[in-house]
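Below is one structure, written out as C-alpha coordinates, with a few remarks after it.
For this chain, numbers begin at 1 and follow the sequence in order. Counting convention: from 1, in listed order, for ligands and their atoms alike.
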Amino acid sequence: MTPAKLPHPIYVTQPLLPELKDFLPYLETIWENKILTNGGPFHQQLEQALCEYLGVKHICLFTNGTLALMTALQALRITGEVITTPYSFVATAHSLLWNGIKPVFVDIDPNSMNMDPANIEAAITPQTTAIMPVHCYGRPCDVERIEKIADNYGLKVIYDAAHAFGVRHNGGSVLNYGDLSVLSFHATKIFNTFEGGAIICPDGKTKQRIDHLKNFGFVDEVTVVAPGINGKMSEINAAFGLLQLKGIDAALLQRRAIDARYRKNLAGIAGIACLPACEEQMTNHAYFPILVRPEYGVRRDELYQVLRDHDIFARRYFYPLISDFPMYRGMPSAAPANLPQARQAADQVICLPIYPGLSDEQIDTISAVIAHTAAS
Ligand code: T4K
(Lines give C-alpha, C1' and ligand atoms only; values in the text may rest on other atoms or scores of the structure.)
Protein backbone atom coordinates (compact mmCIF):
# COMPACT_ATOMS: atom_id res chain seq x y z
CA MET A 1 0.00 0.00 0.00
CA THR A 2 1.28 3.50 -0.84
CA PRO A 3 2.30 5.32 2.36
CA ALA A 4 -0.19 8.04 3.29
CA LYS A 5 0.75 11.66 2.68
CA LEU A 6 1.86 13.55 5.76
CA PRO A 7 -0.27 16.49 6.95
CA HIS A 8 2.49 19.06 6.31
CA PRO A 9 5.28 19.27 3.74
CA ILE A 10 8.70 18.18 4.92
CA TYR A 11 11.73 20.13 3.74
CA VAL A 12 15.33 18.96 3.60
CA THR A 13 15.95 21.07 6.65
CA GLN A 14 14.29 23.48 9.03
CA PRO A 15 16.23 26.08 10.97
CA LEU A 16 16.97 25.61 14.64
CA LEU A 17 14.90 28.36 16.29
CA PRO A 18 14.87 28.94 20.03
CA GLU A 19 11.71 30.28 21.65
CA LEU A 20 11.01 33.84 20.53
CA LYS A 21 10.50 35.04 24.10
CA ASP A 22 14.07 34.00 24.89
CA PHE A 23 15.39 36.27 22.15
CA LEU A 24 13.56 39.37 23.32
CA PRO A 25 15.99 40.28 26.15
CA TYR A 26 18.83 40.33 23.61
CA LEU A 27 16.84 42.72 21.43
CA GLU A 28 16.11 44.92 24.43
CA THR A 29 19.83 45.17 25.14
CA ILE A 30 20.53 46.18 21.54
CA TRP A 31 17.78 48.80 21.70
CA GLU A 32 19.21 50.15 24.94
CA ASN A 33 22.84 50.44 23.91
CA LYS A 34 22.15 51.34 20.27
CA ILE A 35 25.13 49.39 18.97
CA LEU A 36 23.89 47.58 15.88
CA THR A 37 27.11 46.46 14.21
CA ASN A 38 30.87 47.08 13.76
CA GLY A 39 32.17 44.67 16.39
CA GLY A 40 29.72 45.37 19.21
CA PRO A 41 29.41 43.55 22.54
CA PHE A 42 27.37 40.57 21.25
CA HIS A 43 29.83 40.14 18.39
CA GLN A 44 32.68 39.95 20.89
CA GLN A 45 30.79 37.59 23.19
CA LEU A 46 29.92 35.26 20.33
CA GLU A 47 33.54 35.12 19.16
CA GLN A 48 34.64 34.13 22.64
CA ALA A 49 31.81 31.63 23.14
CA LEU A 50 32.47 29.95 19.80
CA CYS A 51 36.21 29.68 20.46
CA GLU A 52 35.41 27.86 23.69
CA TYR A 53 32.65 25.68 22.26
CA LEU A 54 34.53 24.67 19.12
CA GLY A 55 37.96 24.38 20.73
CA VAL A 56 39.71 26.85 18.41
CA LYS A 57 42.08 29.73 19.14
CA HIS A 58 40.73 32.57 17.03
CA ILE A 59 37.55 33.20 15.09
CA CYS A 60 36.43 36.10 12.89
CA LEU A 61 32.68 36.41 12.42
CA PHE A 62 31.23 37.27 9.00
CA THR A 63 28.02 38.24 7.26
CA ASN A 64 27.94 34.87 5.52
CA GLY A 65 30.16 31.95 4.60
CA THR A 66 30.75 33.08 1.02
CA LEU A 67 32.24 36.44 2.03
CA ALA A 68 34.32 34.57 4.61
CA LEU A 69 35.71 32.27 1.89
CA MET A 70 36.48 35.25 -0.36
CA THR A 71 38.20 37.07 2.49
CA ALA A 72 40.18 33.99 3.55
CA LEU A 73 41.71 33.88 0.06
CA GLN A 74 42.56 37.59 0.30
CA ALA A 75 44.02 37.18 3.76
CA LEU A 76 46.55 34.61 2.55
CA ARG A 77 47.14 36.49 -0.73
CA ILE A 78 46.21 33.45 -2.79
CA THR A 79 46.64 33.85 -6.56
CA GLY A 80 46.99 31.68 -9.67
CA GLU A 81 45.39 28.23 -9.38
CA VAL A 82 43.69 26.53 -6.44
CA ILE A 83 42.89 22.82 -6.35
CA THR A 84 39.35 22.13 -5.22
CA THR A 85 36.39 19.76 -5.45
CA PRO A 86 33.52 19.92 -7.96
CA TYR A 87 31.25 18.15 -5.44
CA SER A 88 30.15 21.08 -3.30
CA PHE A 89 27.88 24.11 -3.23
CA VAL A 90 28.80 26.65 -5.93
CA ALA A 91 30.06 29.15 -3.35
CA THR A 92 33.27 27.12 -2.96
CA ALA A 93 34.45 27.73 -6.52
CA HIS A 94 32.73 31.11 -6.86
CA SER A 95 34.91 32.46 -4.05
CA LEU A 96 37.92 31.64 -6.22
CA LEU A 97 36.56 33.27 -9.38
CA TRP A 98 35.64 36.42 -7.42
CA ASN A 99 39.32 36.66 -6.50
CA GLY A 100 40.49 36.11 -10.08
CA ILE A 101 41.78 32.64 -9.14
CA LYS A 102 41.41 29.63 -11.42
CA PRO A 103 39.77 26.61 -9.78
CA VAL A 104 41.31 23.27 -10.72
CA PHE A 105 38.87 20.43 -10.03
CA VAL A 106 39.97 17.01 -8.84
CA ASP A 107 37.82 13.93 -8.31
CA ILE A 108 36.38 12.77 -4.99
CA ASP A 109 36.70 9.62 -2.94
CA PRO A 110 33.32 7.87 -3.27
CA ASN A 111 33.42 6.66 0.35
CA SER A 112 33.78 10.09 1.92
CA MET A 113 32.53 12.33 -0.94
CA ASN A 114 35.54 14.52 -0.16
CA MET A 115 38.40 15.44 -2.45
CA ASP A 116 40.60 12.36 -2.95
CA PRO A 117 44.15 13.33 -1.90
CA ALA A 118 45.50 10.78 -4.39
CA ASN A 119 44.39 13.15 -7.19
CA ILE A 120 45.90 16.34 -5.81
CA GLU A 121 49.56 15.91 -6.74
CA ALA A 122 48.83 15.32 -10.43
CA ALA A 123 46.87 18.60 -10.54
CA ILE A 124 49.69 20.76 -9.14
CA THR A 125 51.30 23.18 -11.62
CA PRO A 126 53.78 26.06 -11.14
CA GLN A 127 50.72 28.33 -10.76
CA THR A 128 49.19 26.35 -7.88
CA THR A 129 49.25 28.27 -4.62
CA ALA A 130 46.65 26.54 -2.46
CA ILE A 131 44.19 23.69 -1.93
CA MET A 132 40.55 24.34 -1.01
CA PRO A 133 38.98 21.07 0.17
CA VAL A 134 35.44 20.81 1.55
CA HIS A 135 34.43 18.71 4.59
CA CYS A 136 31.38 17.60 2.62
CA TYR A 137 28.25 16.89 4.70
CA GLY A 138 30.33 17.61 7.83
CA ARG A 139 32.53 14.53 7.36
CA PRO A 140 36.25 15.33 7.72
CA CYS A 141 38.58 15.26 4.74
CA ASP A 142 41.75 13.21 4.93
CA VAL A 143 43.39 16.15 6.65
CA GLU A 144 46.70 14.42 7.36
CA ARG A 145 47.37 13.49 3.74
CA ILE A 146 46.31 16.90 2.53
CA GLU A 147 48.64 18.54 5.05
CA LYS A 148 51.54 16.37 3.89
CA ILE A 149 51.02 17.27 0.23
CA ALA A 150 50.63 20.96 1.09
CA ASP A 151 53.84 20.91 3.14
CA ASN A 152 55.78 19.09 0.41
CA TYR A 153 54.76 21.58 -2.28
CA GLY A 154 54.61 24.72 -0.14
CA LEU A 155 50.87 25.20 -0.67
CA LYS A 156 48.34 26.86 1.62
CA VAL A 157 45.20 25.00 2.67
CA ILE A 158 41.87 26.75 3.18
CA TYR A 159 39.13 24.35 4.27
CA ASP A 160 35.60 25.12 3.22
CA ALA A 161 34.18 23.87 6.51
CA ALA A 162 30.70 25.30 5.86
CA HIS A 163 29.16 21.97 6.94
CA ALA A 164 31.62 21.09 9.70
CA PHE A 165 30.41 22.97 12.78
CA GLY A 166 31.42 21.04 15.90
CA VAL A 167 33.18 18.23 14.02
CA ARG A 168 36.20 16.77 15.74
CA HIS A 169 39.21 14.82 14.55
CA ASN A 170 41.99 13.20 16.58
CA GLY A 171 40.60 14.62 19.81
CA GLY A 172 40.47 18.26 18.66
CA SER A 173 38.42 20.42 16.34
CA VAL A 174 38.76 19.57 12.65
CA LEU A 175 38.71 23.34 12.15
CA ASN A 176 42.25 23.56 13.46
CA TYR A 177 43.65 21.84 10.37
CA GLY A 178 44.93 23.80 7.39
CA ASP A 179 45.89 27.47 7.35
CA LEU A 180 42.29 28.66 7.66
CA SER A 181 38.84 27.06 7.93
CA VAL A 182 35.61 28.72 6.92
CA LEU A 183 32.21 28.07 8.50
CA SER A 184 28.71 28.97 7.33
CA PHE A 185 25.98 29.90 9.80
CA HIS A 186 23.26 30.09 7.13
CA ALA A 187 19.67 29.28 8.12
CA THR A 188 20.06 25.79 6.64
CA LYS A 189 23.13 24.93 8.70
CA ILE A 190 23.12 23.08 12.01
CA PHE A 191 24.17 26.22 13.87
CA ASN A 192 22.67 29.33 12.30
CA THR A 193 22.68 33.07 12.86
CA PHE A 194 20.02 33.57 10.12
CA GLU A 195 22.87 34.47 7.75
CA GLY A 196 26.44 34.28 8.97
CA GLY A 197 29.83 32.73 8.69
CA ALA A 198 33.30 32.70 10.21
CA ILE A 199 36.98 32.16 9.58
CA ILE A 200 38.95 30.08 12.06
CA CYS A 201 42.57 31.11 12.21
CA PRO A 202 45.54 29.91 14.23
CA ASP A 203 47.14 33.16 15.42
CA GLY A 204 46.29 36.67 16.51
CA LYS A 205 48.21 38.31 13.68
CA THR A 206 46.15 36.54 11.02
CA LYS A 207 42.96 37.35 12.92
CA GLN A 208 43.93 41.00 12.94
CA ARG A 209 44.48 41.00 9.17
CA ILE A 210 41.15 39.29 8.57
CA ASP A 211 39.37 41.70 10.92
CA HIS A 212 40.82 44.60 8.91
CA LEU A 213 39.83 42.98 5.62
CA LYS A 214 36.22 42.46 6.69
CA ASN A 215 35.98 46.14 7.70
CA PHE A 216 37.01 47.81 4.40
CA GLY A 217 40.70 47.51 5.36
CA PHE A 218 40.38 50.10 8.17
CA VAL A 219 42.95 49.92 10.95
CA ASP A 220 41.89 53.21 12.54
CA GLU A 221 39.86 56.25 11.54
CA VAL A 222 42.35 57.44 8.96
CA THR A 223 44.30 54.35 7.94
CA VAL A 224 43.23 51.81 5.31
CA VAL A 225 45.74 49.01 4.72
CA ALA A 226 43.99 46.86 2.12
CA PRO A 227 41.08 46.93 -0.33
CA GLY A 228 38.83 45.30 2.24
CA ILE A 229 35.17 44.51 2.03
CA ASN A 230 32.17 44.86 4.34
CA GLY A 231 31.85 41.37 5.79
CA LYS A 232 30.91 42.21 9.38
CA MET A 233 28.31 40.27 11.35
CA SER A 234 25.61 42.50 12.88
CA GLU A 235 24.66 42.53 16.55
CA ILE A 236 21.28 40.90 15.89
CA ASN A 237 22.92 37.94 14.19
CA ALA A 238 25.58 37.64 16.88
CA ALA A 239 22.99 37.81 19.67
CA PHE A 240 20.96 35.11 17.97
CA GLY A 241 24.11 32.98 17.74
CA LEU A 242 24.66 33.28 21.49
CA LEU A 243 21.14 32.07 22.18
CA GLN A 244 21.37 29.36 19.56
CA LEU A 245 24.55 27.99 21.11
CA LYS A 246 22.59 27.05 24.24
CA GLY A 247 20.53 24.53 22.26
CA ILE A 248 23.20 23.13 19.99
CA ASP A 249 24.18 20.02 22.00
CA ALA A 250 20.56 18.88 22.22
CA ALA A 251 20.16 19.54 18.48
CA LEU A 252 23.22 17.44 17.67
CA LEU A 253 21.87 14.55 19.73
CA GLN A 254 18.56 14.69 17.89
CA ARG A 255 20.36 14.64 14.56
CA ARG A 256 22.32 11.59 15.66
CA ALA A 257 19.10 9.75 16.53
CA ILE A 258 17.52 10.65 13.17
CA ASP A 259 20.60 9.38 11.34
CA ALA A 260 20.43 6.09 13.25
CA ARG A 261 16.72 5.62 12.53
CA TYR A 262 17.15 6.23 8.79
CA ARG A 263 20.05 3.76 8.67
CA LYS A 264 17.95 1.10 10.39
CA ASN A 265 14.89 1.74 8.20
CA LEU A 266 16.79 1.80 4.92
CA ALA A 267 19.18 -1.08 5.62
CA GLY A 268 17.15 -3.73 3.81
CA ILE A 269 16.36 -1.78 0.63
CA ALA A 270 18.42 -3.07 -2.30
CA GLY A 271 20.16 -0.26 -4.18
CA ILE A 272 19.83 2.38 -1.46
CA ALA A 273 23.25 3.08 0.04
CA CYS A 274 24.00 5.29 3.01
CA LEU A 275 27.50 6.73 3.44
CA PRO A 276 29.61 4.64 5.82
CA ALA A 277 28.85 5.64 9.41
CA CYS A 278 31.76 7.54 10.90
CA GLU A 279 32.95 7.75 14.47
CA GLU A 280 30.42 9.74 16.47
CA GLN A 281 32.45 12.89 17.15
CA MET A 282 33.68 12.94 13.57
CA THR A 283 30.38 14.03 12.15
CA ASN A 284 27.56 16.39 13.07
CA HIS A 285 24.85 14.76 10.91
CA ALA A 286 24.42 18.00 9.02
CA TYR A 287 22.97 16.08 6.07
CA PHE A 288 21.65 12.58 5.44
CA PRO A 289 22.70 11.66 1.89
CA ILE A 290 21.65 8.39 0.27
CA LEU A 291 22.84 7.01 -3.05
CA VAL A 292 20.29 5.52 -5.41
CA ARG A 293 22.20 2.69 -7.12
CA PRO A 294 21.06 0.91 -10.32
CA GLU A 295 19.96 -2.13 -8.24
CA TYR A 296 17.16 0.01 -6.81
CA GLY A 297 15.47 -0.35 -10.19
CA VAL A 298 14.11 3.21 -10.22
CA ARG A 299 16.24 6.18 -11.23
CA ARG A 300 17.28 8.80 -8.71
CA ASP A 301 15.25 11.57 -10.34
CA GLU A 302 12.14 9.41 -10.33
CA LEU A 303 12.50 8.74 -6.61
CA TYR A 304 13.14 12.45 -6.06
CA GLN A 305 9.87 13.22 -7.86
CA VAL A 306 7.91 10.52 -5.97
CA LEU A 307 9.13 12.04 -2.72
CA ARG A 308 7.99 15.46 -3.91
CA ASP A 309 4.61 14.02 -4.83
CA HIS A 310 4.39 13.03 -1.15
CA ASP A 311 5.34 16.60 -0.12
CA ILE A 312 8.79 15.42 0.94
CA PHE A 313 11.22 18.01 -0.39
CA ALA A 314 14.52 16.14 -0.32
CA ARG A 315 17.39 17.78 -2.25
CA ARG A 316 20.05 16.59 -4.68
CA TYR A 317 23.06 18.10 -2.92
CA PHE A 318 25.33 18.29 -4.94
CA TYR A 319 23.82 18.04 -8.40
CA PRO A 320 24.74 19.48 -10.84
CA LEU A 321 28.47 19.38 -10.18
CA ILE A 322 30.03 22.83 -9.88
CA SER A 323 32.18 21.94 -12.89
CA ASP A 324 29.02 21.62 -15.02
CA PHE A 325 27.93 25.24 -14.56
CA PRO A 326 28.62 27.51 -17.56
CA MET A 327 31.38 29.55 -15.93
CA TYR A 328 33.39 26.38 -15.18
CA ARG A 329 32.57 23.74 -17.77
CA GLY A 330 35.08 24.93 -20.38
CA MET A 331 37.99 24.43 -18.01
CA PRO A 332 40.19 21.39 -18.76
CA SER A 333 39.82 20.08 -15.19
CA ALA A 334 36.01 20.16 -15.57
CA ALA A 335 36.11 17.50 -18.29
CA PRO A 336 33.82 14.59 -17.36
CA ALA A 337 36.66 12.07 -17.83
CA ASN A 338 38.54 13.82 -15.01
CA LEU A 339 35.71 13.53 -12.50
CA PRO A 340 34.01 10.10 -12.79
CA GLN A 341 33.39 9.56 -9.07
CA ALA A 342 32.00 13.04 -8.52
CA ARG A 343 29.71 12.60 -11.51
CA GLN A 344 28.41 9.27 -10.28
CA ALA A 345 27.74 10.73 -6.82
CA ALA A 346 25.95 13.76 -8.32
CA ASP A 347 23.78 11.44 -10.41
CA GLN A 348 22.84 9.16 -7.51
CA VAL A 349 22.60 11.37 -4.43
CA ILE A 350 19.51 12.51 -2.56
CA CYS A 351 19.79 14.27 0.80
CA LEU A 352 16.88 13.27 2.99
CA PRO A 353 15.30 15.66 5.51
CA ILE A 354 17.21 15.88 8.78
CA TYR A 355 16.69 18.50 11.47
CA PRO A 356 15.78 18.65 15.14
CA GLY A 357 12.04 18.18 15.44
CA LEU A 358 11.70 15.71 12.56
CA SER A 359 9.53 13.06 14.17
CA ASP A 360 9.93 9.29 14.13
CA GLU A 361 6.66 9.11 12.22
CA GLN A 362 7.99 11.44 9.54
CA ILE A 363 11.27 9.50 9.27
CA ASP A 364 9.35 6.24 8.97
CA THR A 365 7.04 7.67 6.29
CA ILE A 366 9.99 8.97 4.25
CA SER A 367 11.66 5.55 4.57
CA ALA A 368 8.41 3.78 3.64
CA VAL A 369 8.03 5.89 0.48
CA ILE A 370 11.57 4.94 -0.52
CA ALA A 371 10.92 1.24 0.20
CA HIS A 372 7.56 1.26 -1.59
CA THR A 373 8.89 3.05 -4.68
CA ALA A 374 11.50 0.32 -5.18
CA ALA A 375 8.99 -2.45 -4.83
CA SER A 376 6.25 -0.97 -7.02
N1 T4K B 1 30.40 26.24 1.07
C2 T4K B 1 29.56 25.20 1.17
C3 T4K B 1 30.11 23.82 1.09
C4 T4K B 1 28.19 25.41 1.37
O5 T4K B 1 27.35 24.37 1.45
C6 T4K B 1 27.72 26.74 1.44
C7 T4K B 1 26.30 27.01 1.60
C8 T4K B 1 28.65 27.79 1.36
C9 T4K B 1 29.98 27.50 1.16
C10 T4K B 1 28.24 29.23 1.44
O11 T4K B 1 27.81 29.61 2.73
P12 T4K B 1 26.75 30.84 2.87
O13 T4K B 1 27.31 31.99 2.08
O14 T4K B 1 25.42 30.36 2.39
O15 T4K B 1 26.78 31.10 4.37
C16 T4K B 1 21.37 26.30 0.68
C17 T4K B 1 21.97 27.47 1.40
O18 T4K B 1 21.50 28.72 0.92
C19 T4K B 1 23.45 27.48 1.40
O20 T4K B 1 23.84 28.26 2.53
C21 T4K B 1 24.04 26.10 1.56
N22 T4K B 1 25.46 26.08 1.45
C23 T4K B 1 23.46 25.17 0.52
C24 T4K B 1 24.00 23.76 0.64
O25 T4K B 1 22.07 25.11 0.71
P26 T4K B 1 19.56 26.21 -1.18
O27 T4K B 1 19.40 27.04 -2.39
O28 T4K B 1 19.47 24.75 -1.31
O29 T4K B 1 18.58 26.70 0.01
P30 T4K B 1 17.01 26.76 0.06
O31 T4K B 1 16.60 28.16 0.25
O32 T4K B 1 16.42 26.01 -1.09
O33 T4K B 1 16.71 25.99 1.42
C34 T4K B 1 16.61 24.58 1.53
C35 T4K B 1 15.43 24.26 2.42
O36 T4K B 1 15.66 24.73 3.74
C37 T4K B 1 14.12 24.90 1.99
O38 T4K B 1 13.45 24.04 1.13
C39 T4K B 1 13.35 25.08 3.29
C40 T4K B 1 14.45 25.20 4.34
N41 T4K B 1 14.64 26.59 4.77
C42 T4K B 1 15.50 27.41 4.08
C43 T4K B 1 15.68 28.71 4.48
C44 T4K B 1 16.64 29.63 3.74
C45 T4K B 1 13.91 27.06 5.85
O46 T4K B 1 13.12 26.31 6.43
N47 T4K B 1 14.12 28.34 6.26
C48 T4K B 1 14.97 29.19 5.63
O49 T4K B 1 15.14 30.35 6.05
O50 T4K B 1 20.99 26.63 -0.61
ask   = Is the Phe165 ring parallel, tilted or perpendicular to the Tyr53 ring (thresholds 30°, 60°)?
value = parallel
ask   = Atoms of ligand 1 less than 4.0 Å from Ser184 heavy atoms?
value = 11 (O), 12 (P), 15 (O)
key: Gln14 side chain vs Tyr355 backbone, donor-acceptor pair below 3.5 Å   = no
query = Hey, does Gly65 come in under 3.5 Å of ligand 1, counting only N/O atoms on both sides?
reply = yes
ask   = To the nearest 0.1 Å, how far is atom 21 (C) of ligand 1 from its closest protein heavy atom, and which atom is that?
value = Lys189 NZ, 2.8 Å
task = Go through ligand 1 atom by atom and flag the ones less than 4.0 Å from a non-hydrogen atom of Pro15.
result = 45 (C), 46 (O), 47 (N)
inquiry  = Suppose I only count heavy atoms of Tyr317 and a 4.0 Å limit; which atoms of ligand 1 are within that range?
reply    = 25 (O), 26 (P), 28 (O), 34 (C)
key: Phe313 to ligand 1, any heavy atom closer than 4.0 Å   = no
inquiry  = Suppose we call two aromatic rings close when their centres sit under 6.0 Å apart. Are Tyr26 and Phe240 close by that rule?
reply    = no
ask   = What atoms in ligand 1 come closer than 4.0 Å to a heavy atom of Gly196?
value = 15 (O)
inquiry  = Taking 4.0 angstrom as the limit and counting only heavy atoms of Tyr287, give me the atoms of ligand 1 inside it, by number and element.
reply    = 24 (C)
note = Atoms of ligand 1 under 4.0 Å from any heavy atom of Ser88, numbered from 1 in the order shown, are 3 (C)
ask   = Where on Arg315 is there a heavy atom closer than 4.0 Å to ligand 1, on the side chain, on the backbone, on both, or on neither?
value = side chain
query = Short question: side chain of Asp107, backbone of Asp116 - any donor-acceptor pair under 3.5 Å?
reply = no
task = Keeping the roles fixed (side chain from Thr84, backbone from Met132), state whether a donor-acceptor pair exists under 3.5 Å.
result = yes
inquiry  = Taking the six-membered ring for Trp, are Tyr328 and His94 closer than 6.0 Å centroid to centroid?
reply    = yes
key: Sub-4.0 Å heavy-atom contact, Glu195 with ligand 1   = no
key: Residues Asp311 and Arg308 bridged, charged N to O under 4.0 Å   = no
query = Would Cys136 count as a contact of ligand 1 if the rule is a heavy atom under 4.0 Å away?
reply = no
message = Distance under 4.0 Å to a non-hydrogen atom of Ala91: what atoms of ligand 1 satisfy this?
response = 8 (C), 9 (C), 10 (C)
task = Please state whether the rings of Phe288 and Tyr262 are parallel, tilted or perpendicular, taking 30° and 60° as the class boundaries.
result = parallel
request  = Could you tell me whether Asp211 and Lys207 have a side-chain N and a carboxylate O separated by less than 4.0 Å?
outcome  = yes
message = Under 4.0 Å from atom 31 (O) of ligand 1, is there at least one protein heavy atom?
response = no
message = Heavy atoms only, cut-off 4.0 Å: how does Asp160 contact ligand 1, side chain, backbone, both, or neither?
response = side chain
request  = Please state which part of Thr188 comes within less than 4.0 Å of ligand 1, counting heavy atoms only: side chain, backbone, both or neither.
outcome  = side chain
query = Can you find a side-chain donor-acceptor pair between Asp309 and Gln305 that sits under 3.5 Å?
reply = yes
note = Of Phe185, Tyr11, Phe89, Phe62, the one whose closest heavy atom lies nearest atom 4 (C) of ligand 1 is Phe89
Among Gln254, His285, Lys264, the one residue meeting side chain to side chain donor-acceptor pair (under 3.5 Å) with Asp259 = His285
remark   = ligand 1 atoms nearer than 4.0 angstrom to some heavy atom of Asn64 are 13 (O), 15 (O)
